[in-house]
Asks: 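My structure is below; once you've seen it, I'll send some questions.
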Amino acid sequence: MQIEAKNISFRYSDNQPWILQDVSLKIEEGERVGLIGPSGYGKSTLVKIMSGYLRPTKGEVLLDGKPLPKKGVSPVQLIYQHPEKAINPRWKMKKVLQESGMFREEVMEALGIEKDWLERYPRELSGGELQRFCVARSLFSGTHFLFADEMSTMLDVITQAQIWNLMLKEVEERRLGLLMVTHNAELAKKICTRTINLAEINKREDI
Ligand SMILES: Nc1ncnc2c1ncn2[C@@H]1O[C@H](COP(=O)(O)OP(=O)(O)OP(=O)(O)O)[C@@H](O)[C@H]1O
């Protein structure tokens with residue numbers, strides 16, 4: 001499979017400035033791509049567009065040449081900095097995982113998800129604990145692309161390593177495509193097969 005952002009331009013509303021202009025990129029399954037670039041250049045905006053959370057103002061996102069599916073759990077999964085915004089606050093964690101069909105014992109264990117957390121609501125968990133659920137959920141069987149938007153910046157180093165180890169094992173074994181937004185050049189070098197600098201592909205005039 002391949003995901004393609006084709007001539008994407010975006011602004012948050014008509015009277016706001018363009019964030020992205022004519023941005024194009026392609027990622028193949030099995031690739032691990034780092035998306036870098038200065039703060040405010042639109043990295044988060046681009047991954048939200050490419051995973052279907054935001055609609056581009058111009059251009060399109062294509063999965064094997066077709067628009068992203070509108071129904072069902074998406075083959076393109078986004079994990080971002082704010083796990084509390086990504087999870088339904090009215091559902092217990094068990095239901096959150098069941099909804100995605102993601103209930104693999106070995107994933108729970110590798111992520112250090114404790115059994116009694118499953119009976120809790122999101123507000124009863126810490127940011128790091130919640131993020132583990134977001135990661136678990138993103139690894140459901142229909143996932144082909146994983147987008148990680150600074151997903152580990154809020155976590156302590158041990159939890160970061162635990163999460164990345166599991167993610168990379170899954171990415172490798174299942175040949176998923178990975179796109180990671182990061183400011184951490186070391187981490188990108190360790191993980192990625194190539195990097196894309198948004199400052200080079202965003203044709204915004206003020207850049
Ligand atoms: N909901 C929003 N409404 C209006 N402007 C927004 C919104 N979200 C982000 N922006 C603006 O869009 C621009 C790009 O933001 P974005 O978060 O995509 O950048 P980024 O490259 O990911 O930045 P960082 O590295 O700091 O996380 C910024 O100028 C930001 O202020």
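Atoms within a ligand are numbered from 1 in the order they appear, just like the ligands themselves.
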Asks: Evaluating non-hydrogen atoms only, which member of Y12, F10, Y41 is closest to atom 8 (N) of ligand 1?
Replies: Y12
Asks: Holding to side-chain hydrogen bond (donor to acceptor under 3.5 Å, both in side chains), I want the full list of residues that pass it with Y12, two or more places apart in sequence or in another chain.
Replies: T45
Asks: Enumerate the atoms of ligand 1 whose separation from the nearest heavy atom of S44 is less than 4.0 angstrom.
Replies: 17 (O), 18 (O), 20 (P), 22 (O)
Asks: With sequence neighbours excluded, tell me which residues meet side-chain contact (heavy atoms from CB on, under 4.5 Å) with R194.
Replies: I27, E31, V33, I196
Asks: For the CD atom on E186, are there more than 12 heavy atoms of other groups (residues, nucleotides or ligands in this structure) within a distance under 6.0 Å?
Replies: no
Asks: Out of all atoms in ligand 1, which are within 4.0 Å of some heavy atom of T45? Include the element for each.
Replies: 14 (C), 15 (O), 16 (P), 18 (O)
Asks: Does only the side chain of I19 get under 4.0 Å from ligand 1, or the backbone, or both, or neither? Count heavy atoms.
Replies: side chain
Asks: Distance under 6.0 Å and angle within 45° of the ring axis: does R90 meet both against Y121?
Replies: no
Asks: If we only count N/O pairs under 3.5 Å, is G37 in contact with ligand 1?
Replies: no
Asks: Is the shortest distance from a Lys or Arg side-chain nitrogen in K115 or E109 to a carboxylate oxygen in the other one below 4.0 Å?
Replies: no
Asks: For ligand 1, which atoms, with element, lie under 4.0 Å from some heavy atom of Q16?
Replies: 4 (C)
Asks: Go through S44 and D149 one step at a time and tell me if the side chain to side chain donor-acceptor pair (under 3.5 Å) criterion holds.
Replies: CA-CA 7 Å; S44 296; D149 185 358; 2.8 Å; yes
Asks: Can you name the atoms of ligand 1, numbered from 1 with element, that are less than 4.0 Å from a heavy atom of P38?
Replies: 21 (O)
